[in-house]
Asker: 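Shown below is the structure under consideration.
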2 protein chains.
Amino acid sequence: MSAKTAELVKSADFQFGDAKADALELDCGKKLYSVNLRYETYGKLLPDGSNAVLIVHALSGDAHVSGRHSPDDAKPGWWDAMVGPGKSIDTNKYFVVCSNVIGGCSGSTGPRSVNPKTGRLYNMDFPVITIADMVRAQKRLMDHLGIKKWLSIIGGSMGGMQALVWAIDYPDAMESVIPIASTARLSPQSIAFNWVGREAILADSHWQGGNYSEDAPQKGLSIARMLAHITYLSDESMRYKFGRELQDSDSYSFAFKRDFAVESYLEYQGRRFTERFDANSYLYITRAMDYFDISARAGGDLAAALKSVECPFLVVSFSSDWLFPAAQSVDLVKALLKNRCEVSYCEIESSYGHDAFLLEVDTLGKMLADFMDNRLEAIRGR
Amino acid sequence: MSAKTAELVKSADFQFGDAKADALELDCGKKLYSVNLRYETYGKLLPDGSNAVLIVHALSGDAHVSGRHSPDDAKPGWWDAMVGPGKSIDTNKYFVVCSNVIGGCSGSTGPRSVNPKTGRLYNMDFPVITIADMVRAQKRLMDHLGIKKWLSIIGGSMGGMQALVWAIDYPDAMESVIPIASTARLSPQSIAFNWVGREAILADSHWQGGNYSEDAPQKGLSIARMLAHITYLSDESMRYKFGRELQDSDSYSFAFKRDFAVESYLEYQGRRFTERFDANSYLYITRAMDYFDISARAGGDLAAALKSVECPFLVVSFSSDWLFPAAQSVDLVKALLKNRCEVSYCEIESSYGHDAFLLEVDTLGKMLADFMDNRLEAIRGR
């Protein structure tokens, strides 16, 4: 099915929290008013409601998982290879929902939204949010859509963190959870990388205390993104993909412009990111990740923190992922087992590093499809 | 022996290259005139010249390896734990020499030196140098000091790269070479980290095309250093050293100032670095590392590139070093063995990451001392 003939996708908006009682309570103690969640749905919800699947996105993701908004779109949604009619997460079979996280910059309320109290952009007046805050907003959307129980909640990287919080805070709300290339707590190394990325944004003279206009801190944001990109790849994949190849010449320039293919790649990734992502959102979402530590809810005891969890898990990691190494998934699996949870765990052999959750479509897709099929059968057999 | 009673160390300057015929030829095709090399020596050269040891420093090192310049110095030289009277590299026994690399900012000619042609600072008119250029300057110092043959050339990280070039370009100039936590070619991942660090400096509005005055691009340089520091530690050592500990509080600030101990550490390291290092030097030295690929001299064939090597090697790597992983040392060892070189290789078990070459003083020191003793005996037995 080509892009031209495929059904086009529409995004929708869900608004809530205009009144005090309806506002979104945040972990920082503040409330968020007049919240918008941008979301997309794919496929049809069965009358028995059994086929609803929630996909939760990573740091730079958005609600647009699959397909195109217009036949002219250069690229489809960010997980189009995985989600769609006839694909591993088959939208002929499942009703798939994804919403942009709060704090984001792709339609949902974030730092570049208008603060209803002042009529001006929030910018740095936006409250510092957490992963649990993101999930709390998603739960509102679930209720709004009339979904009683998700068949699965699936998320890679920061999406896996959200999926975990769902399992703990709303244990009745899902039949299964699939955290991919994720963790139960952000490591100090990841906190450190986030810190350096944010410092690059804050140091950009265009940032202006967060109150930039059109002239955004693109350079700072691109540096943050280039740095993050290194952590998404692996040493091995970089050797394979770029090696020490030069980009435009047979010899070194003996200058500071880009010589190497890997430099050119980073430059391109950095620039492209600034065209679609907001610097303040980058600050807020990375901070939410820094603050993510499920075990902190039980004084550092991960198993105790997961006590409320009821549903089966499929936990997936990738062998060359050094940002969220397999050992962190294993920690999660052990803690779930301690709670006598049903857990399937797989470390997929891959050289793609953290990005493998977006790239290992065949291996990962088969695994997700079978796991979800099994869950669906289990429910129907009850 | 306390700092107060220990003999104080003096640095010296060696100048050369005022005349065209004496100027330093560079790989880029240019010549460097009126070169200064800042160096230090420790111990006494024996009349037979058998006990001279060259230490070559890493990216942010300098000529000041050991001891203090003044009794009031807060800190001794950068490898004081390893080098000194009665220490592993025993200056009662060996005559140790170390010079600041060209391109550096600790006394040797670099981008912040005066260009004799213009009477103004070089800044970005300084030629882009290579590791081989650094070594070529050191060879001049060797001749100036009247040293016929080094007993050992020892270097960690970028120092190991220089040691390798010495072995290839001046195979008669040493009895042994000890590259520690180093590589025969910089990996694309390291090139990528260097690129992002330099981008942070170039993006700093204080950089001014390299023509900054007192008001240097400290923020950009500190970001580059913070990033580099993450690569010097290991995931494991960061978990052990910082974990997710908060610095000044029991709870998150819900703000963007530093919360975590690891953030505080990076901030401190970044700031301290700007007090002693120059931004333009950082650009030039990281570029020299990017351009380092010994195998390129023989069309990518590392063994062929090492054909001229004659002396025995001790190659050391550290298990948790992910910047210059053990596998890169193993590649070097294999290529040396292919040339029937005498090679000892040890991967030291350590959680300190790349920094281990500065921290694993006991294990590494014992190894160096024994290896050098053996070399000395071998020479004397000839």
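Proteins come first, then strands; the chains are lettered A, B, ... in the order of their sequence lines, and each starts at number 1.
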Asker: Counting only non-hydrogen atoms closer than 4.5 Å, does A/L26 touch chain B with its backbone (N, CA, C, O), its side chain (CB onward), both, or neither?
Answerer: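 A/L26 has no heavy atom closer than 4.5 Å to chain B.
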
Asker: Can you tell me which portion of A/A255 sits under 4.5 Å from chain B's heavy atoms? Options are side chain, backbone, both or neither.
Answerer: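 A/A255 touches chain B through backbone heavy atoms alone.
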
Asker: Identify the heavy atoms of B/A192 and A/V262 that sit nearest to each other, and give their distance.
Answerer: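 Reported closest heavy-atom pair: CB-CG2, 4.0 Å.
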
Asker: Could you grab the distance from atom CD of A/E236 to atom CD of B/Q189, nearest 0.5 Å is fine?
Answerer: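 Spacing of CD (A/E236) from CD (B/Q189) equals 11.5 Å.
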
Asker: Using non-hydrogen atoms only, which part of A/R198 is less than 4.5 Å away from chain B: side chain, backbone, both, or neither?
Answerer: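 Only the side chain of A/R198 comes within 4.5 Å of chain B.
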
Asker: Taking OH in A/Y352 as the centre, count heavy atoms belonging to other residues, nucleotides or ligands within less than 6.0 Å. Is the count above 12?
Answerer: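 For A/Y352, atom OH is not crowded (no more than 12 foreign heavy atoms under 6.0 Å).
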
Asker: Could you please spell out the steps behind the side chain to side chain contact (heavy atoms under 4.5 Å, CB included) verdict for A/F254 and B/T130?
Answerer: CA-CA 9 Å; A/F254 290 100; B/T130 66; 3.8 Å; yes

Asker: From A/M238 CE over to B/I191 CD1, what is the distance, rounded to the nearest 0.5 angstrom?
Answerer: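 A/M238 atom CE to B/I191 atom CD1 measures 9.0 Å (nearest 0.5 Å).
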
Asker: Does any backbone or side-chain atom of A/F256 lie under 4.5 Å from a heavy atom of chain B? Answer side chain, backbone, both or neither.
Answerer: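 Both the backbone and the side chain of A/F256 come within 4.5 Å of chain B.
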
Asker: If you count heavy-atom pairs under 4.5 Å with chain A, which of B/W195, B/Y265, B/F193 comes out on top?
Answerer: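 When all of B/W195, B/Y265, B/F193 are compared, B/W195 has the most.
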
Asker: Between A/E199 and B/E263, is a side chain to side chain contact (heavy atoms under 4.5 Å, CB included) present by the stated rule, with each step listed?
Answerer: CA-CA 11 Å; A/E199 284 287 289; B/E263 294 173 332; over 6 Å; no

Asker: I need the residue from B/G243, B/S205, B/A200 with the largest number of non-hydrogen atom pairs under 4.5 Å to chain A.
Answerer: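 Among B/G243, B/S205, B/A200, the one with the most close pairs to chain A is B/G243.
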
Asker: Chain B heavy atoms under 4.5 Å from A/S253: which part of the residue, side chain, backbone, both or neither?
Answerer: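 Answer is both: backbone and side chain atoms of A/S253 are under 4.5 Å from chain B.
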
Asker: Given heavy-atom pairs under 4.5 angstrom as the criterion, report whether the side chain, backbone, both or neither of B/I129 touches chain A.
Answerer: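 The answer is neither part of B/I129.
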
Asker: For side chain to side chain contact (heavy atoms under 4.5 Å, CB included), just list the numbers for A/F260 and B/Y291, CA-CA rounded to whole Å, side-chain angles, deciding distance to a tenth of an Å, and then say yes or no.
Answerer: CA-CA 10 Å; A/F260 294 95; B/Y291 283 180; 4.0 Å; yes

Asker: In terms of heavy-atom proximity below 4.5 Å to chain B, should A/Y284 be classed as side chain, backbone, both, or neither?
Answerer: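 Both backbone and side chain.
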
Asker: Using a distance-only test with no angle check, is there a side-chain donor-acceptor pair under 3.5 angstrom linking B/D290 and A/Y252?
Answerer: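 Absent: no donor and acceptor within the cut-off.
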
Asker: Do you know which of A/D204, A/L233, A/D293 has the most heavy-atom pairs under 4.5 Å to chain B?
Answerer: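 Of A/D204, A/L233, A/D293, A/D293 has the most heavy-atom pairs under 4.5 Å with chain B.
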
Asker: What are the two closest non-hydrogen atoms of A/R287 and B/K257, and how far apart are they?
Answerer: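 Between these two residues, the closest heavy atoms are NH2-O, 2.9 Å.
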
Asker: Is it the side chain or the backbone of A/D259 that comes within 4.5 Å of chain B heavy atoms, both, or neither?
Answerer: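 Both backbone and side chain.
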
Asker: Report yes or no: does B/R244 contribute a side-chain atom to a donor-acceptor pair with the main-chain N or O of A/P188 at less than 3.5 Å?
Answerer: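 Side chain of B/R244 to backbone of A/P188, a donor-acceptor pair under 3.5 Å: no, none is there.
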
Asker: Show, in sequence, the C-alpha distance, side-chain angles and deciding distance for A/W322 and B/D235, and conclude whether the side chain to side chain contact (heavy atoms under 4.5 Å, CB included) test is met.
Answerer: CA-CA 9 Å; A/W322 60 280; B/D235 183 45; over 6 Å; no

